[in-house]
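In what follows, a structure is listed as structure tokens, so that the remarks can point back to it.
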Amino acid sequence: MEIKKSSSPDRREVKKYSVIDKTSLNRGNGGIICMCEEPIPIDKDNCFIPSNLI
């Protein structure tokens, strides 16, 4: 998870998660918590998550 103050963060932010993918660790779905209105898929494993849902 990552937290951003923006309502529309850059989708490229999830590329940071690829560092975990290169290890032997199992990674579940990722997300960026932000000020968006509803959950928005970024790709098959990640999404933008509205802060009002947490």
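As a basis for the values below, the full set of heavy atoms in this structure was taken, side chains included, without hydrogen atoms, waters or symmetry mates. The model shown is predicted, which means the values in this text are computed figures rather than measured ones.
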TODO: Give a yes or no on whether Ile42 and Ile49 share a hydrophobic cluster (residues Ile, Leu, Val, Met, Phe, Trp, Tyr; joining criterion: side-chain heavy atoms under 4.5 Å apart).
DONE: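 No.
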What's the spacing between [X] [atom1] and [Y] [atom2] if we round to 0.5 Å?
| X | Y | atom1 | atom2 | answer |
| --- | --- | --- | --- | --- |
| Glu37 | Ser7 | CD | OG | 8.0 Å |
| Asp21 | Lys16 | CG | NZ | 15.0 Å |
| Ser24 | Ile20 | OG | CD1 | 12.0 Å |
| Glu13 | Lys4 | CD | NZ | 4.0 Å |

TODO: Could you tell me which non-hydrogen atom of Cys47 sits nearest to which non-hydrogen atom of Pro41, and how far apart they are?
DONE: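 Scanning both residues, the minimum pair turns out to be CB-CA, 3.9 Å.
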Task: Step-by-step side chain to side chain contact (heavy atoms under 4.5 Å, CB included) determination, Phe48 to Arg11 - done: CA-CA 9 Å; Phe48 291 126; Arg11 293 176 176 268; 4.0 Å; yes
Task: Full working for side chain to side chain contact (heavy atoms under 4.5 Å, CB included) between Arg27 and Asp45 - done: CA-CA 10 Å; Arg27 179 176 81 85; Asp45 296 321; 4.1 Å; yes
TODO: Only one of Ser51, Pro9, Pro50 passes side-chain contact (heavy atoms from CB on, under 4.5 Å) with Ile33; say which it is.
DONE: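 So, applying the side-chain contact (heavy atoms from CB on, under 4.5 Å) to Ile33 and each of Ser51, Pro9, Pro50, only Ser51 qualifies.
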Task: Asn46 and Asn29: CA distance, side-chain angles, deciding distance, side chain to side chain contact (heavy atoms under 4.5 Å, CB included) verdict - done: CA-CA 6 Å; Asn46 305 289; Asn29 292 347; 5.9 Å; no
